[in-house]
J.: 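What follows is a single structure, and I will ask about it in a moment.
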Amino acid sequence: INKKQVFQPITKDSEIISVCWYTNCDESLSIHFVEFLNLIEKYLPQAMPRRYGPFEPPQYKFLETGKAHLLEFLINEPSPVLYCTKPVLYLFLSDAYLDNQKYNIKEYRCNKIELQILKEAYMQKNWRTAVEMLFVEVSKLYDPFYAEIIDENQSGVCSWWWKGIPDLRGKIFIIGD
């Protein structure tokens with residue numbers, strides 16, 4: 001992927017692709033964070049968080065704190081704020097397992113991992129190939145019950161409250177094994 005490529009400025013009209021994985025909440029996402037970050041570095045390094053923290057604006061800078069600090073932070077934070085490098089806009093991690101333990105929540109919620117990428121990048125063959133390879137490898141790692149690549153405004157799933165398979169599915173999707 002050409003790291004020096006320039007993309008249009010982000011506006012409220014920018015089209016975004018969401019790459020999502022939904023997993024059962026009987027174990028924490030954190031058990032695979034080392035492998036997950038290694039996959040991101042390999043296939044889509046722009047998705048590595050450049051800034052992160054527990055709230056907006058994220059106070060930690062990856063270049064200053066390093067990977068060990070990022071891992072320690074992610075293991076203990078159920079819903080971190082993670083800013084990536086354009087054309088990857090955000091990485092969302094919603095760890096329902098950690099949140100359920102922290103707040104003793106009884107209703108069903110699932111774990112969710114989501115990457116938001118500018119559609120103009122995804123439409124380019126080299127970017128699409130990298131995103132789709134990451135999609136497959138993360139799916140192997142986390143074994144989601146549902147995963148998809150979809151236009152953000154078409155997604156029928158709201159955060160970690162799983163309501164069943166959406167009527168409108170993504171360009172590429174996985175259901176169970």
J.: Please tell me whether Ile31 and Leu74 are part of a single hydrophobic cluster in this structure, the criterion being side-chain heavy atoms less than 4.5 Å apart.
T.: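 No, Ile31 does not connect to Leu74 through the hydrophobic network.
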J.: Could you pull out all residues at least two apart from Ile75 that satisfy side-chain contact (heavy atoms from CB on, under 4.5 Å)?
T.: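 Testing Ile75 for side-chain contact (heavy atoms from CB on, under 4.5 Å), a comparison that skips the adjacent residues, returns Ser30, Phe33.
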J.: Determine, step by step, whether Glu56 and Tyr83 satisfy the side-chain hydrogen bond (donor to acceptor under 3.5 Å, both in side chains) criterion, reporting the C-alpha distance in whole Å, the side-chain angles of both residues, the deciding distance to 0.1 Å, and the verdict.
T.: CA-CA 10 Å; Glu56 301 261 1; Tyr83 290 176; 2.2 Å; yes
J.: Treating Ile, Leu, Val, Met, Phe, Trp and Tyr as nodes and any side-chain heavy-atom pair under 4.5 angstrom as an edge, say whether Leu134 and Val136 lie in one connected cluster.
T.: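 No.
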J.: Would you say Pro49 and Phe62 make side-chain contact, with heavy atoms under 4.5 Å?
T.: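 Side chain of Pro49 against side chain of Phe62, heavy atoms only: no contact under 4.5 Å found.
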J.: State, with a plain yes or no, whether a side-chain heavy atom of Ile17 is found less than 4.5 Å away from one of Ile150.
T.: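 No. Closest side-chain heavy atoms not under 4.5 Å.
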J.: Are side-chain heavy atoms of Leu44 and Leu115 found at a separation under 4.5 Å?
T.: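 Answer yes - side chains close enough.
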J.: Can you confirm whether Glu132 sits close enough to Trp127 that some side-chain heavy atom of one is under 4.5 Å from a side-chain heavy atom of the other?
T.: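 No, side chains not in contact.
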J.: Is there side-chain contact between Leu82 and Phe92, with at least one heavy-atom pair below 4.5 Å?
T.: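 With C-beta onward as the side chain, the pair stays apart.
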J.: Looking only at heavy atoms, which two atoms of Ala96 and Cys25 are closest? And how far apart?
T.: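 That would be CB-CB, 3.8 Å.
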J.: Would you find more than 12 non-hydrogen atoms of other residues, nucleotides or ligands less than 6.0 Å from Tyr90 atom OH?
T.: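 At most 12 heavy atoms, drawn from other residues, nucleotides or ligands, come within 6.0 Å of this atom.
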J.: Applying side-chain contact (heavy atoms from CB on, under 4.5 Å) between Phe36 and each of Leu39, Val34, Ile40, report the one that passes.
T.: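 So the option named by the test is Ile40.
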J.: Spell out, as yes or no, whether a donor-acceptor pair under 3.5 Å connects the side chain of Asp151 to the backbone of Ser18.
T.: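 No; judged by distance alone, with no hydrogens or angles, the pair does not exist.
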J.: Does Ser28 offer a backbone N or O that forms a donor-acceptor pair with the side chain of Asp95 under 3.5 Å?
T.: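 Checking the backbone N and O of Ser28 against the side chain of Asp95, no donor-acceptor pair under 3.5 Å is found.
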J.: For residues Thr23 and Tyr146, is any side-chain donor paired with an opposing acceptor at under 3.5 Å?
T.: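 On atom types as modelled, these side chains do not qualify, holding no pair under 3.5 Å.
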J.: Identify the two heavy atoms, one from Gln116 and one from Glu114, that lie closest to each other, and give their separation to 0.1 Å.
T.: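 Where Gln116 meets Glu114 most closely, the heavy atoms are NE2-OE2, 3.5 Å.
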J.: Check Lys112 against Cys20 and note the closest heavy-atom contact, atom names and distance.
T.: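 Lys112 and Cys20 have their closest heavy atoms at CE-SG, 4.1 Å.
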J.: Does Arg51 use its side chain to pair, donor to acceptor, with the backbone of Tyr60 at less than 3.5 Å?
T.: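 Checked: no pair found.
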J.: Whether the Glu15 and Tyr122 side chains hold a donor-acceptor pair (N or O, under 3.5 Å, no angle test) is what I'd like checked.
T.: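 Per modelled atom types, Glu15 and Tyr122 side chains form no pair under 3.5 Å.
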J.: With side chains defined as the heavy atoms from C-beta onward, is the minimum distance between Ser94 and Asn111 less than 4.5 Å?
T.: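 No, too far: nothing below the 4.5 Å cut-off.
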J.: How close do Glu27 and His32 get, counting heavy atoms only, and between which atoms?
T.: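 That would be OE2-NE2, 4.4 Å.
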J.: When Tyr52 is tested against each of Gln59, Glu77, His69 for side-chain hydrogen bond (donor to acceptor under 3.5 Å, both in side chains), which residue passes?
T.: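 It is His69, the one option of Gln59, Glu77, His69 that forms the side-chain hydrogen bond (donor to acceptor under 3.5 Å, both in side chains) with Tyr52.
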J.: Would you confirm whether Asp143, through its side chain, and Ser139, through its main-chain N or O, come within 3.5 Å as a donor-acceptor pair?
T.: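 No; zero donor-acceptor contacts below 3.5 Å.
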J.: Side-chain contact test, heavy atoms from C-beta onward, threshold under 4.5 Å: evaluate it for Leu141 versus Trp21 and give yes or no.
T.: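 Side-chain contact under 4.5 Å: no.
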J.: How about Ile16 and Ile117: do any of their side-chain heavy atoms sit closer than 4.5 Å?
T.: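 Result no, sub-4.5 Å side-chain heavy-atom pair not found.
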J.: Are Lys67 and Glu41 ion-paired here, with the side-chain N under 4.0 Å from a carboxylate O?
T.: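 Between Glu41 and Lys67 there is a salt bridge, with a charged N closer than 4.0 Å to a carboxylate O.
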J.: Can you name the closest pair of heavy atoms from Pro80 and Phe73 and give their distance?
T.: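 Closest heavy-atom pair between Pro80 and Phe73: CB-CE2, 3.5 Å.
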